[in-house]
Amino acid sequence: MALSSVLRSESADFVDRFNQPFAHGCGLNQKDLGFGTALDESLNFAVKPLDEADEAERKIEFLHGTTTLAFKFQHGVIVAVDSRATAGSYIASQTVKKVIEINPYLLGTMAGGAADCSFWERLLARQCRIYELRNKERISVAAASKLLANMVYQYKGMGLSMGTMVCGWDKRGPGLYYVDSEGNRVCGDLFAVGSGSMYAYGVVDSGLRYDLTVEEACDLGRRAIYQATYRDAYSGGQVNLYRVHSDGWERVSQEDVLQLHLKYQSEKA
Amino acid sequence: MTLPADGGTSFRSDASAQETQDLSTSGGHIAVIQRVLVRQLKMISAQACGANGKMKDYHYSGPVEHKFSPYAFNGGTVLAVAGEDFALVASDTRLSEGYSIHSRDSPKCYKLTDTTVIGCSGFHGDCLTLTKIIEARLKMYKHSNNKSMTSGAIAAMLSTILYGRRFFPYYVYNIIGGLDEEGRGAVYSFDPVGSYQRDTYKAGGSASAMLQPLLDNQIGFKNMENVEQVPLSQEKAVQLVKDVFISAAERDVYTGDALKICIITKEGIREEIVPLRKD
């Protein structure tokens with residue numbers, strides 16, 4: 001499988017032996033691993049599904065505990081994310097970087113299992129670089145997202161949890177794709193992913209126009225994430241804002257949600 | 001207010017809600033509660049006694065499934081702090097399993113290079129194997145590249161080693177502490193499947209949820225107003241770590257016996273051992 005071939009080191013191979021016999025018994029269904037809730041502490045942007053429900057309900061998509069959003073407008077793509085990571089109900093970190101810089105003109109967002117997202121997107125960065133070297137031109141957003149989707153599709157059903165948006169600028173202009181571990185790959189103009197996505201959609205839908213200025217679009221993205229962190233317990237920390245334009249991406253701002261709260265409160269008054 | 005139902009009857013919470021709604025009269029309160037309690041007592045005695053009035057046996061007789069678990073939880077807490085030109089990695093030395101203590105002298109810090117120490121807590125078997133694998137990979141790197149691995153490189157490598165076992169994870173919570181290429185302190189914290197990030201301070205293991213908020217306040221100055229944010233000196237950091245572990249030993253059963261602190265500076269790695277509660 002792709003995973004073992006990538007991770008095999010030159011001489012020693014400590015990994016493969018264990019994968020085969022246990023692959024069925026110890027799939028990442030926590031209950032099978034025998035120690036109950038202890039390994040639930042795998043660092044997660046995800047909300048745990050209800051374990052008491054029967055197996056059939058596990059197939060229903062559960063929400064990823066985070067808020068990430070991206071939308072296209074006339075000056076490119078705005079990408080805004082929160083920065084909270086939870087392990088069960090414990091907040092493991094408030095300073096996680098959920099935007100992964102794949103290369104200077106492609107960004108990927110993270111929602112779901114932290115390790116899954118960062119590993120597969122790092123692998124995607126490697127694949128994109130190989131494409132560039134082989135074809136002497138940059139990879140398109142559509143192709144990059146397809147590479148990612150095909151990589152994780154091989155592991156469908158094995159418990160990977162990843163909901164990501166691949167954002168960039170290529171020959172066709174701004175590009176935005178949503179890819180997840182279920183096998184979905186969708187092109188669109190606006191996506192919000194995570195447990196706080198509904199709150200973010202409300203804010204972005206009410207303010208989004210194609211002809212926004214850069215300032216207005218950034219404010220809209222920031223406000224949407226702030227509102228989501230306000231109402232969603234699993235989102236919080238800081239709001240990281242990026243913009244992708246024709247020359248690549250740039251980091252616009254990183255603001256603590258508490259500071260934003262005080263700012264919006266004083267604007268209300 | 002629902003009691004476990006045995007067969008047919010169930011005590012619906014909406015029935016009690018109905019009754020508590022006629023609380024308009026002041027005497028009504030007590031009367032309602034009495035009625036509810038009497039009904040509950042009758043229910044309990046009805047369930048506990050079988051048809052002939054004797055107490056039913058509660059042991060289960062029939063096939064029981066026993067399952068082998070490849071994991072065990074051996075406890076322990078690890079903590080790392082990064083300063084301007086130093087890093088600290090501290091761990092307790094208790095090794096426990098269930099209600100027993102296997103050893104009072106089993107530290108969880110492992111020295112990797114002259115500038116990096118890793119702290120591993122969780123399942124001791126996986127901690128030992130993981131550190132063996134890391135040490136082997138360090139040697140291989142040294143032989144192929146003729147230089148030692150930097151802290152950042154070790155962290156990135158550990159992430160891929162852990163993710164390689166994504167479907168049968170190493171049950172280990174790792175924290176790496178060391179100096180980066182510029183000589184500044186660096187702390188990298190991991191989850192069991194390889195997600196990692198660089199921090200200023202991090203606590204991991206059984207008492208992590210108790211220690212992390214205290215560190216957030218004292219080192220990160222979180223939730224403090226009008227306070228001067230001075231950078232942390234080495235002496236203050238060591239004292240803070242000792243205090244924090246003493247507190248953890250008070251309230252976490254898996255933490256105690258002794259504390260081992262590894263202080264990493266450009267001069268090398270120094271160790272300090274401090275006794276903790278042994279109960």
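The sequence lines fix the lettering, A, B, ..., with proteins before strands; numbering per chain opens at 1.
- With contacts defined as side-chain heavy-atom distances shorter than 4.5 Å, the pair A:Arg122/B:Thr160 qualifies.
- The line from CZ of B:Arg198 to OG1 of A:Thr95 is 12.5 Å long, rounded to the nearest 0.5 Å.
- Comparing B:Ser189, B:Gly122, B:Ala209, B:Ser159 by heavy-atom pairs within less than 4.5 Å of chain A, the highest count is held by B:Ala209.
- Between B:Asp191 and A:Ala115 the shortest heavy-atom distance is OD1-CB, 4.3 Å.
- Note: A:Gln94 CD to B:Lys222 NZ = 7.0 Å, rounded to the nearest 0.5 Å.
- When all heavy atoms of A:Ala114 and B:Ser195 are compared, the closest pair comes out as CB-OG, 3.3 Å.
- When heavy atoms are compared at a cutoff of 4.5 Å, B:Ala203 does not approach chain A at all.
- Few gaps surround OH on B:Tyr141; more than 12 heavy atoms of other groups in view lie less than 6.0 Å from it.
- Side-chain contact between B:Tyr163 and A:Leu123: absent, with no pair of heavy atoms (C-beta onward) separated by less than 4.5 Å.
- With a 6.0 Å radius and a threshold of 12 heavy atoms from other residues, nucleotides or ligands, A:Arg251 has its CZ atom above the threshold.
- Shown here is B:Asn145, whose CG atom has more than 12 heavy atoms of other residues, nucleotides or ligands within 6.0 Å.
- Taking each heavy atom of A:Ser93 and B:Gln197 in turn, the nearest pair found is OG-NE2, 3.2 Å.
- Residue B:Glu84 places its CD atom among 12 or fewer non-hydrogen atoms of other residues, nucleotides or ligands, all under 6.0 Å distant.
- For A:Leu258, no part lies under 4.5 angstrom from a heavy atom of chain B.
- For A:Tyr230, the OH atom sits in a loose shell: 12 or fewer heavy atoms of surrounding residues, nucleotides or ligands are nearer than 6.0 Å.
- Once rounded to the nearest 0.5 Å, the distance linking CD1 of A:Ile91 with CD of B:Gln212 reads 11.0 Å.
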